[in-house]
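Input: a single structure, listed below in structure tokens.
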Amino acid sequence: MPNSPSADPNAGEGAAAPQAASDFVRDIVAEDNRTGKHGGRVVTRFPPEPNGYLHIGHAKSICLNFGIAADNKGGICHLRFDDTNPTREDVEYVDSIQEDVRWVGFDWGKNMFYASDYFGKLYDFAVQLIKLGKAYVCDLTPDEMIAYRGAPSVPGKESPYRNRSVEENLDLFARMRAGEFADGAKTLRAKIDMASPNIHMRDPALYRIRKVDHHRTGSQWCIYPMYDYAHCLSDSIEGITHSICTLEFEVHRPLYDWILDELKTPCHPQQIEFARLNLSYTVMSKRKLLQLVEESLVSGWDDPRMPTIAGLRRRGVTPEAIRHFCARIGVTKYNGMTDIALLEHSIREDLNRRALRVMAVLKPIKVVLTNYPEGKVEDLEAVNNPEDASAGTRKVPFSRVIYIERDDFMEVPPKKFFRLFPGNEVRLRYAYIIKCESVVKDANGQITELHCTVDPDSKSGGPTAGRKVKGTIHWVSAAHAVEAETRLYDRLFTVEEPDGGKEGRDFKSFLNPNSLETLAGCKLEPSLANAAPESRYQFERLGYFRADPKDSKPNKLVFNRIVSLRDSWAKEQSK
RNA sequence: UGCCGAAUGGUGUAACGGUAGCACGACUGCCUCUGGAGCAGUCUGUCAUGGUUCGAAUCCAUGUUCGGCAGCCA
């Protein structure tokens with residue numbers, strides 16, 4: 001089923017993508033359908049350059065392009081690799097891009113292409129352009145070309161090579177292709193208008209010489225087409241109707257149209273520009289993400305703190321959450337800054353509905369229940385998901401010695417602290433109400449354990465269980481606990497706009513030193529012993545977690561925190 | 001100071017000449033064996049100044065602010 005969002009069966013994902021509300025791009029497509037502008041066809045494309053991993057901003061584009069194809073009858077969306085610059089592209093990236101697009105939930109069917117598939121046709125079009133007197137071979141050096149180009153408010157100068165004859169241009173271009181000239185020695189340029197107020201129309205370069213192998217065409221070519229030239233023609237060759245790209249290409253549109261108007265091409269797609277996604281507390285440019293990877297500031301492209309699709313996936317974010325997020329942020333021409341809280345909300349919303357609840361103590365403190373019989377073990381019934389009755393229940397072992405969260409006890413409690421403190425009672429989730437009788441400390445005054453008593457009549461589900469206490473805390477039976485490492489992730493940067501050029505500071509100086517907190521010796525309830533990475537859990541009162549797909553092993557569990565739970569106590573404390 | 005584009009609450013968006021709405025967020029309260037979830041409510045907005053009109057976020061004019069463009073990158 002091409003172009004329809006599909007669930008990942010292995011991950012147990014449900015629910016199709018939300019129907020995105022309309023937006024100005026969809027309005028244009030609908031209007032074109034109404035007037036029959038493209039014969040009623042809708043063909044879009046997602047055209048990444050394979051020079052880096054996809055990120056959440058690409059997800060916006062993927063959802064837009066594949067989404068528009070999906071909500072129009074017979075609509076198609078192509079995946080096309082814009083691989084016209086072999087010096088920075090790599091197959092590693094073409095593989096990861098396919099995996100990521102598929103994972104986000106879309107299928108291009110048979111429609112996967114490469115701009116490099118069209119190198120032959122593109123060359124022929126260039127010859128055609130030369131014959132029309134609309135392109136010429138130029139010998140200016142890069143520096144000279146910059147000088148001749150002028151400035152935004154200063155018209156450029158015409159190249160001395162601009163008026164070469166068609167024959168000479170044909171000959172030179174053929175020899176460029178044949179490898180007779182050195183890298184950078186010559187370019188093929190469009191002959192448009194050096195005085196144009198639009199710099200992109202000042203005889204832009206169409207082809208450059210690069211004697212390097214291409215990841216697909218090998219050594220077949222030593223000249224490679226530029227983006228502006230290759231993109232519009234690739235769109236036309238593929239019969240694209242709507243070529244959707246980001247705002248910075250708006251000024252390129254006249255060139256896009258010029259090339260298609262001058263040449264005899266199969267069709268003339270319409271370029272439409274929308275605002276790329278900016279997310280607070282992160283960076284989104286491939287260059288900067290590459291830098292983080294190369295300088296080992298993160299563990300790789302799939303570091304769970306990265307805004308890459310691979311990073312989000314490894315962290316445990318679901319494709320549904322990403323699609324919902326993309327549907328919610330909308331599509332406009334306004335270049336804004338989306339609050340990362342909106343992404344976090346989409347993640348929580350999805351996981352709340354589906355994640356199994358379990359109990360896990362991340363920072364344990366031992367509690368001895370002094371009036372509970374030694375050696376006694378009770379299997380207590382716990383609800384797997386209060387949002388989904390069909391998830392059923394499970395048994396959790398309870399015994400005399402348990403662990404509770406260090407944060408759930410305070411020797412000297414502040415106001416509104418509803419948890420455990422000397423003399424106070426709390427409910428142990430699914431178990432008994434306990435009372436803190438005494439605090440045991442070591443020689444250094446560090447708390448080593450708590451002595452508590454249980455109220456035997458307060459057992460969950462029991463006859464007198466109805467007694468209310470203010471707080472309920474989670475716990476894990478010491479004798480039954482499974483050990484694990486957990487990794488708590490936080491925002492990668494400390495400021496909303498790390499790349500905002502604030503005081504000329506480098507974005508890396510805003511890295512959050514606490515974006516990863518690794519906790520060893522966490523105590524999990526035994527049902528987690530065989531947790532598969534596909535399963536996502538809510539560690540009750542803490543957040544959503546999943547076993548790390550790379551590092552977690554049956555004998556050495558490692559859990560990633562996907563996102564924390566909303567925490568109104570933390571909020572209260574920060575007041 | 002050239003060209004292109006954009007401005008609606010703290011944030012993201014809707015309203016297509018006719019009641020400025022939704023979501024996130026924040027803040028109350030209710031509920032709760034998760035300080036989660038849920039429920040109820042509150043908060044904050046049309047960049048400015050003119051004009052057209054019975055009526056303007058929407059149309060016009062001027063201005064302001066912000067973003068993009070000077071790779072043989074995409």
Side-chain angles (χ1 to χ4, degrees), chain A residues 21-23 27 47-49 51 82-85 87-89 138 140-142 145-146 149-156 183-189 196-202 204-210 223-224 226-228 230-231 245-254 273 275 280 286-287 328-346 348-349 352-353 357 359 382-383 386-387 416-419 426-431 433 458 460-461 465-466 468-474 496 538-543 564-572:
Chain A
S22 199
D23 53 64
D27 290 347
E49 183 190 13
N51 69 341
D82 219 336
D83 55 351
T84 57
N85 184 358
T87 60
R88 28 190 252 175
E89 294 156 7
C138 182
L140 253 26
T141 66
M145 210 187 274
I146 289 169
R149 186 158 32 229
S153 52
V154 182
D183 274 17
K186 288 181 170 27
T187 55
L188 181 74
R189 301 176 68 180
S196 171
N198 182 343
I199 288 180
H200 298 282
M201 299 299 270
R202 322 242 263 226
L206 268 22
Y207 269 91
R208 74 287 217 186
I209 301 171
R210 289 281 178 279
I223 57 171
Y224 292 96
M226 300 288 293
Y227 165 85
D228 284 309
H231 202 89
C245 61
T246 45
L247 250 28
E248 67 268 28
F249 293 104
E250 210 153 21
V251 281
H252 294 237
R253 186 166 9 109
E273 310 85 12
S280 59
K286 279 200 222 172
R287 205 196 92 242
R328 240 180 297 236
I329 56 178
V331 179
T332 65
K333 297 185 78 123
Y334 176 71
N335 214 321
M337 172 70 65
T338 297
D339 192 340
I340 199 165
L342 191 54
L343 208 212
E344 293 169 347
H345 168 79
S346 297
R348 289 193 185 102
E349 181 184 57
N352 174 52
R353 207 178 64 231
R357 315 289 131 126
M359 290 196 285
V383 173
E387 306 292 321
K416 292 190 182 173
F417 184 79
F418 305 147
R419 283 112 94 143
V426 293
R427 168 162 303 274
L428 294 178
R429 180 90 159 134
Y430 299 124
I433 290 172
S458 65
S460 292
K468 301 285 182 207
V469 287
K470 192 72 181 161
T472 297
I473 65 174
H474 60 277
E496 270 193 53
Q538 184 195 101
F539 288 5
E540 290 208 36
R541 305 206 304 131
L542 297 173
S564 66
L565 245 31
R566 287 182 69 225
D567 187 348
S568 52
W569 167 238
K571 210 171 283 173
E572 184 66 35

By salt bridge (Lys or Arg N to Asp or Glu O under 4.0 Å), which residues pair with Arg328(A), not counting sequence neighbours? Glu349(A)
Pairs under 3.5 Å (N/O, protein and nucleotides 21-24 of chain B):
none

Hey, does the side chain of Thr84(A) come within less than 4.0 Å of rA74(B)'s phosphate (OP1/OP2), counting only N and O? yes
Whether each nucleotide of nucleotides 34-46 of chain B has a protein heavy atom under 4.0 Å at its base (B), only at its sugar-phosphate (S) or at neither (-) is summarised, 5' to 3', as BBBS---------
Identify, between Ser153(A) and Thr332(A), the residue whose nearest nucleotide on RNA chain B lies closer to the 5' end. Ser153(A)
Listed partners of Arg419(A) passing side-chain hydrogen bond (donor to acceptor under 3.5 Å, both in side chains), at least two apart: Asp408(A)
Are His231(A) and His252(A) side-chain neighbours, meaning at least one heavy-atom pair lies under 4.5 Å? no
What is the distance, rounded to the nearest whole Å, between atom CG of Asp228(A) and atom C1' of rC69(B)? 11 Å
Report the residues that fulfil salt bridge (Lys or Arg N to Asp or Glu O under 4.0 Å) with Arg253(A), sequence neighbours left out, ordered by chain and then residue number. Glu273(A)
Canonical and wobble pairing (Watson-Crick, G-U, under 3.5 Å) of RNA chain B, dot-bracket with |: .((((((..((((....[..))))((((((.......))))))...(((((..]....))))))))))).....
Non-hydrogen side-chain atoms of Arg429(A) and Arg541(A) separated by less than 4.5 Å: no
What pairs with Lys416(A) under salt bridge (Lys or Arg N to Asp or Glu O under 4.0 Å), at least two apart in sequence or on another chain? Glu572(A)
So do the side chains of Pro204(A) and Met226(A) get within less than 4.5 Å of each other, counting heavy atoms only? no
Residues in side-chain hydrogen bond (donor to acceptor under 3.5 Å, both in side chains) contact with Thr246(A), at least two apart in sequence or another chain: Glu248(A)
Check whether any side-chain nitrogen or oxygen of Arg149(A) sits under 4.0 Å from OP1 or OP2 of rG71(B), and answer yes or no. yes
On a plain distance test, is the side chain of Arg253(A) in donor-acceptor contact with the base of rC4(B) below 3.5 Å? no
List in chain and number order the residues that pass ring pair (Phe, Tyr, Trp, His ring centres under 6.0 Å) with Phe539(A), two or more places apart in sequence or in another chain; answer none if no residue qualifies. Phe545(A), Phe559(A)
For the residue pair Arg348(A) and Ser564(A), establish whether any side-chain heavy-atom pair is separated by less than 4.5 Å. yes
Check: protein-nucleotides 64-68 of chain B nitrogen or oxygen pairs below 3.5 Å:
from	atom 1	to	atom 2	distance (Å)
rG67(B)	O2'	Asn335(A)	ND2	3.3

Distance between P atoms of rA56(B) and rU19(B) (Å, rounded): 11 Å
Validation row: Pro254(A), His200(A) side chains within 4.5 angstrom (heavy atoms): no
Sequence neighbours excluded, the answer for side-chain hydrogen bond (donor to acceptor under 3.5 Å, both in side chains) partners of Asn85(A) is Thr87(A)
Quick check on rU11(B): is either OP1 or OP2 less than 4.0 Å from any side-chain nitrogen or oxygen of Thr338(A)? no
Which residue lies toward the 5' end of RNA chain B, Cys138(A) or Ser22(A), if each is placed at its nearest nucleotide? Ser22(A)
Considering residues at least two apart in sequence or located in another chain, which fulfil the side-chain hydrogen bond (donor to acceptor under 3.5 Å, both in side chains) criterion with Arg208(A)? none
